[in-house]
Amino acid sequence: MIYILMIWTVVAVGGDRHGIGGKVADWRPLGEFHNSPHAGKNAQQMCEDAARQLGLKSENYRCIRSK
């Protein structure tokens with residue numbers, strides 16, 4: 001099984017010299033985790049651990065099963 005760590009992040013910032021504008025956020029992939037008998041954890045656990053190590057808030061990431 002494969003899980004992908006997706007994060008909600010700013011992908012663009014717009015504005016003029018007065019700071020008027022905005023930012024655009026989107027889901028972006030950050031890492032891919034595969035089941036491994038040698039790791040002692042499954043892919044989903046490794047994905048969740050990586051998010052915790054990065055200090056991501058639960059609303060800003062998802063571990064998505066891809067295969």
Side-chain angles (χ1 to χ4, degrees):
M1 211 169 295
I2 298 173
Y3 277 81
I4 298 172
L5 176 58
M6 302 289 290
I7 62 168
W8 182 250
T9 189
V10 173
V11 294
V13 176
D16 59 17
R17 62 186 173 166
H18 304 291
I20 299 171
K23 60 183 177 179
V24 177
D26 195 10
W27 289 102
R28 297 297 167 125
L30 189 61
E32 185 175 284
F33 301 87
H34 300 257
N35 280 343
S36 170
H38 305 293
K41 298 178 184 178
N42 65 36
Q44 185 177 12
Q45 291 169 328
M46 289 187 283
C47 182
E48 295 286 343
D49 286 349
R52 274 193 291 280
Q53 288 175 13
L54 291 169
L56 299 173
K57 295 178 182 178
S58 60
E59 63 268 15
N60 293 335
Y61 80 90
R62 300 288 184 270
C63 288
I64 307 295
R65 182 177 160 190
S66 68
K67 291 184 181 180

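Not measured: the values here are computed from a predicted model.
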- Contacts of Leu30 that satisfy side chain to side chain contact (heavy atoms under 4.5 Å, CB included) - sequence neighbours left out: Leu5, Ile7, Leu54
- Is Trp27 isolated, or which residues cluster with it under the ILVMFWY side-chain rule of less than 4.5 Å, directly or via members? Ile4, Met6, Trp8, Ile64
- Under 4.5 Å between side-chain heavy atoms, chaining through other members, with only Ile, Leu, Val, Met, Phe, Trp and Tyr counted: pull out the rest of the cluster around Val11, sorted by chain and number. Val24
- Item | Atom pair CG/NE2 of Asn35 and His38 - distance to nearest 0.5 Å | 12.5 Å
Could you list the donor-acceptor pairs under 3.5 angstrom formed by side chains in residues 39-51, with sequence neighbours left out?
| unit_1 | atom_1 | unit_2 | atom_2 | d |
| --- | --- | --- | --- | --- |
| Lys41 | NZ | Asp49 | OD2 | 2.4 |
| Asn42 | OD1 | Gln44 | N | 3.1 |
| Asn42 | OD1 | Gln45 | N | 2.8 |
| Gln45 | OE1 | Asn42 | N | 2.9 |
| Glu48 | OE1 | Tyr61 | OH | 2.7 |
| Asp49 | OD1 | Arg52 | NH2 | 2.6 |

- Task: For Arg65, check salt bridge (Lys or Arg N to Asp or Glu O under 4.0 Å) against everything at least two apart and list the hits.
- Result: none
- Task: Hydrophobic side-chain clustering at under 4.5 Å (ILVMFWY, transitive links): who's grouped with Val10? Put none if nobody.
- Result: Val13
